[in-house]
Novice: 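Below you will find the structure I want to go over with you.
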Amino acid sequence: MSAAPAVGTLGSWLELVRAPAALTVLGDTVAGAAAAGRPLRGRRLALPLASVALYWSGMVLNDWADRAVDAGERPERPIPSGRIAPGPALAAAAGLSGAGLALAALAGGSDALWVAVPLAGAVWAYNTVLKPTPAAPVAMAACRALDVLLGAGAGHWTAARTSALAVAAHTLGVTALSRGEVHGGRRADSRLALTTTLVATALTCGGRAPSRLHRTAAGLCALGYAGTTGRSQLAADAALSTAAAVRAATVAGIHAMVPLQAGLAARRGSLRAAALVLTALPLARRLSARRSPT
């Protein structure tokens with residue numbers, strides 16, 4: 001009689017979904033909602049949770065799809081180590097995608113589903129098909145852009161397109177650089193990341209703002225964002241993109257998403273939302289010291 005497949009402990013699942021990194025996703029929909037002038041109230045408060053569910057489904061899919069590669073490069077991860085079997089992992093990914101879509105429907109009905117369904121499809125396409133290809137950074141950037149637009153809704157996406165583009169630019173650079181986490185990267189990728197950081201900073205600081213206070217808050221957040229991620233990307237470039245430097249830059253890039261989201265929310269008129277988003281940063285850093293976000 002064969003043994004039952006390993007379903008894993010809670011700790012193994014938290015490791016598989018990169019639990020601390022979820023704190024850097026919550027602000028996507030906040031930034032989109034602020035840009036569209038649609039505060040997250042009532043049922044719409046479920047939109048950040050929908051983002052987290054879809055993000056976690058992507059993290060599980062990532063490790064499920066990479067299980068053969070990880071067996072040689074990262075054997076300590078939950079699936080190649082045998083702590084979680086591939087079957088339960090794939091079922092969990094599907095369940096999390098379903099939960100994300102259900103939460104989106106609850107929060108915004110068809111207006112949200114018109115964005116959430118393509119987002120879920122993009123998550124699956126990236127992790128199961130596109131990740132090994134040159135299109136991977138663009139595909140991941142599209143996922144995060146759609147996540148921002150989820151906060152705005154299909155009927156208001158044009159108002160949030162600048163915010164979505166800023167988050168997409170940052171994601172593009174971080175994803176391109178992150179491909180060198182194990183064996184080291186290319187200087188071309190570190191320089192691409194630096195370029196996209198400048199683009200995201202400019203988009204956060206540019207455009208109209210309701211007041212000087214909003215403009216100042218956005219500028220301070222953008223400065224924190226550029227300093228957080230740019231410094232690590234410069235270090236990776238100076239170190240010829242060694243694996244250790246790339247890993248450090250990738251983690252910094254994940255955390256830098258928070259001040260970027262806050263800056264975008266502040267620039268588009270929501271100081272309260274920006275402040276709430278920023279509270280996730282110290283917690284994300286503290287938890288990342290225990291469980292890697294990459």
Side-chain angles (χ1 to χ4, degrees), residues 20-36 40 47-48 51-52 55 137-138 140-152 159-178 190 192-209 214-234 236 248-285 288 293-294:
L23 293 168
T24 68
V25 179
L26 294 167
D28 281 353
T29 49
V30 175
L40 296 179
L47 286 176
S51 293
V52 170
Y55 181 82
V138 174
M140 178 58 81
C143 290
R144 292 304 289 257
L146 285 167
D147 203 31
V148 174
L149 297 178
L150 180 62
R161 59 188 174 189
T162 299
S163 295
L165 182 58
V167 171
H170 173 69
T171 304
L172 176 68
V174 172
T175 305
L177 184 58
S178 71
S190 62
L192 172 62
L194 285 165
T195 300
T196 56
T197 295
L198 291 174
V199 170
T201 302
L203 289 170
T204 304
C205 294
R208 294 182 178 181
H214 289 89
R215 188 179 298 110
T216 300
L220 290 173
C221 289
L223 184 63
Y225 157 72
T228 299
T229 192
R231 184 171 59 249
S232 62
Q233 290 166 352
L234 282 170
T250 300
V251 171
I254 291 172
H255 292 157
M257 188 68 81
V258 176
L260 175 61
Q261 295 158 341
L264 291 168
R267 186 78 187 189
R268 272 65 189 178
S270 187
L271 294 176
R272 180 180 298 179
L276 286 172
V277 169
L278 283 175
T279 62
L281 184 56
L283 182 58
R285 285 175 169 167
S288 293
T294 69

Novice: Show the nearest heavy-atom pair for residues Ala256 and Tyr225, with the distance to one decimal.
Specialist: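 For Ala256 and Tyr225, the tightest heavy-atom pair comes out as O-CD1, 3.2 Å.
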Novice: Where do Ala152 and Ala160 come nearest, in terms of heavy atoms and distance?
Specialist: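 Ala152 and Ala160 have their closest heavy atoms at CB-CB, 3.7 Å.
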Novice: Looking at Ser178 and Thr175, would you say the former's side chain and the latter's main chain have a donor-acceptor pair under 3.5 Å?
Specialist: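 A pair under 3.5 Å: yes.
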Novice: So, do Leu260 and Leu264 sit near enough that their side-chain heavy atoms are less than 4.5 Å apart?
Specialist: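 Of all side-chain heavy-atom pairs linking Leu264 with Leu260, at least one is under 4.5 Å.
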Novice: Quick one: are Val199 and His170 in side-chain contact, heavy atoms under 4.5 Å?
Specialist: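 Answer no - side chains too far apart.
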Novice: Apply the test side chain to side chain contact (heavy atoms under 4.5 Å, CB included) to residues Leu150 and Asp28: give CA-CA distance (whole Å), side-chain angles for both, the deciding distance (0.1 Å), then the verdict.
Specialist: CA-CA 8 Å; Leu150 180 62; Asp28 281 353; over 6 Å; no
Novice: Which of these, Thr171, Leu23, Val174, sits in a side chain to side chain contact (heavy atoms under 4.5 Å, CB included) with Met257?
Specialist: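 With Met257 as partner, Thr171, Leu23, Val174 yield a single side chain to side chain contact (heavy atoms under 4.5 Å, CB included), made by Thr171.
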Novice: Measure across Ser232 and Thr228 and return the closest heavy-atom pair with its distance rounded to 0.1 Å.
Specialist: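 That closest heavy-atom pairing would be OG-O, 3.7 Å.
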Novice: Should we say atom CZ of Arg161 is surrounded by more than 12 heavy atoms from elsewhere, each under 6.0 Å from it?
Specialist: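 Count not over threshold, so no.
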Novice: What's the separation between atom CD in Gln233 and atom CG in Leu198, rounded to the nearest 0.5 Å?
Specialist: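 Atom-to-atom, Gln233:CD and Leu198:CG are 9.0 Å apart.
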Novice: State, yes or no, whether a side-chain contact exists between Leu40 and Pro48 at a heavy-atom distance under 4.5 Å.
Specialist: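 When only atoms from C-beta onward are counted, Pro48 and Leu40 do touch, with a gap below 4.5 Å.
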Novice: Does a side-chain heavy-atom distance below 4.5 Å link Gln261 with Val148?
Specialist: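 Gln261 vs Val148: side chains apart.
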Novice: Is there a side-chain contact between Leu177 and Leu192 in this structure, where contact means two heavy atoms from C-beta onward sitting under 4.5 Å apart?
Specialist: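 They are not in side-chain contact.
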Novice: Closest approach of Val138 and Leu172, non-hydrogen atoms and distance?
Specialist: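 Where Val138 meets Leu172 most closely, the heavy atoms are N-CD1, 3.7 Å.
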Novice: So, for Thr229 and Gly253, which heavy atoms are closest and what is the spacing to 0.1 Å?
Specialist: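 Closest approach of Thr229 to Gly253, heavy atoms only: OG1-CA, 3.7 Å.
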Novice: Indicate every side-chain donor-acceptor pair of residues 267-284 with a distance under 3.5 Å to a residue at least two apart or in another chain.
Specialist:
from: Arg267; atom 1: NE; to: Gly206; atom 2: O; distance (Å): 3.2
from: Arg267; atom 1: NE; to: Gly207; atom 2: O; distance (Å): 3.2
from: Arg267; atom 1: NH1; to: Cys205; atom 2: O; distance (Å): 2.9
from: Arg267; atom 1: NH2; to: Cys205; atom 2: O; distance (Å): 3.1
from: Arg267; atom 1: NH2; to: Gly207; atom 2: O; distance (Å): 2.3
from: Ser270; atom 1: OG; to: Ala273; atom 2: N; distance (Å): 3.3
from: Thr279; atom 1: OG1; to: Leu276; atom 2: O; distance (Å): 2.5

Novice: If you take all heavy atoms of Ala209 and His214, which pair is closest and at what distance?
Specialist: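 Reported closest heavy-atom pair: CB-CB, 4.3 Å.
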